[in-house]
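Take a look at the structure below.
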Amino acid sequence: MIKRIGVLTSGGDAPGMNAVIRAVTRAAIVKKLEVYGIHDGYLGMYEGRIERMYRKSVSEKMRQGGTFLGTARLNEFTKKEVRQIALDNLKKYEIAGLVVIGGDGSYRGGLALSKMGMPVVGIPGTIDKDIGGTDYTIGFDTAINTAVEAVDKLRDTSNSHRRCSIIEVMGRNSGDIAVWTAMAVGAEVCICKESGFDLNEVIENVRKAAHSKRHAIIIVAENMVSVELLARHVTANTPFEARSTVLGHIQRGGSPTVRDRVYASLMGVKAVEALLAGKTHHCICYRQGQFIVMPIEEALIDDDTDLLDKYDVFKLLW
Ligand code: F6P
């Protein structure tokens with residue numbers, strides 16, 4: 001029977017991570033478990049930076065962006081000897097179960113730990129929404145709302161100046177932020193990996209927009225094209241002068257939306273229940289309106305179907 005659990009946030013931070021830590025901590029305490037917070041993700045686990053958490057430790061944290069436990073990306077965690085040192089640190093505290101809040105890289109780390117004997121339950125915390133098994137990841141809703149608010153502002157100035165705004169959003173391996181933002185702002189063009197793109201078609205769409213509008217919006221997912229070069233190309237080949245903006249890390253900050261806080265709370269409780277039910281290499285997924293527990297390996301399988309359906313709707317409505 002598990003008596004002590006650890007909780008950590010890992011990889012890129014996401015708004016709502018604090019709400020998850022709060023839910024895990026309080027649900028565990030209600031179920032008579034001791035909870036230990038691990039600072040800076042797997043790095044803090046490796047360095048033994050672990051502290052006991054109480055109800056009060058998570059007071060006033062839910063509305064704060066970022067993660068108060070801190071996070072890190074630790075490439076060395078792929079090495080077994082590094083994980084062994086981290087596990088030995090958990091053993092010193094008699095921690096017998098771990099909740100990992102993060103994205104796909106963090107899940108891989110968790111899976112590797114579970115294969116070394118530590119029961120792990122993952123909670124999807126990433127603005128990218130790039131974990132195949134779940135329709136939702138904590139932080140996504142806040143991030144897209146930030147992106148949409150920024151694009152709405154850029155539209156104002158584009159319209160005044162008769163310009164095309166080209167905006168790069170985050171998501172290095174996933175076009176979810178791009179497609180959702182493009183649909184929400186009624187963009188002319190959305191460029192992301194899942195759909196691919198044709199430069200001639202991009203220019204054609206912007207030219208069409210110039211017939212009836214004073215501005216055009218192009219949303220580009222990170223790592224697809226240089227938005228600066230694309231702006232030069234659009235300026236040279238359409239009636240619009242173009243400007244590029246990289247939204248960057250602003251999308252990772254801010255107070256979480258209601259949806260992120262509520263789903264974080266529900267997933268946090270579910271994760272503690274899963275550990276107590278004996279799950280050892282699992283994660284919490286949101287699928288078709290239900291929170292379910294799934295093996296991490298299964299959840300990591302990519303599924304672009306839903307995103308491509310949304311992309312088609314975006315194109316249909318343009
Ligand atoms: O994983 C979330 C994410 O924000 C990606 O969208 C982005 O590519 C990456 O993290 C940026 O990472 P870092 O903050 O380490 O530069």
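For the numbers below, each heavy atom of this structure counts, side chains included, while hydrogens, waters and symmetry mates do not. Ligands are counted one by one from 1 in listed order, and the atoms in each one are counted from 1 as well.
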Does Lys3 have any salt bridge (charged side-chain N to carboxylate O under 4.0 Å, His left out) partners at least two apart in sequence or in another chain, and if so, which?
none
With sequence neighbours excluded, give me every ring pair (Phe, Tyr, Trp, His ring centres under 6.0 Å) pair touching residues 287-318.
Tyr263-Phe291, Tyr286-Phe291, Tyr311-Phe314
Between Thr142 and Arg261, is there a side-chain donor-acceptor contact under 3.5 Å, judged purely by atom types and distance?
no
When Arg155, Glu188, Arg162, Arg163 are each screened for side chain to side chain donor-acceptor pair (under 3.5 Å) with His215, the one that passes is Arg155
Arg207: partners by salt bridge (charged side-chain N to carboxylate O under 4.0 Å, His left out), with sequence neighbours left out:
Glu204
So which residues, sorted by chain and number, lie with a heavy atom under 4.0 Å of ligand 1?
Arg73, Ile127, Asp128, Met170, Gly171, Arg172, Glu222, His249, Arg252
Smallest heavy-atom separation, Met118 atom then Ile95 atom, equals CE-O, 3.3 Å
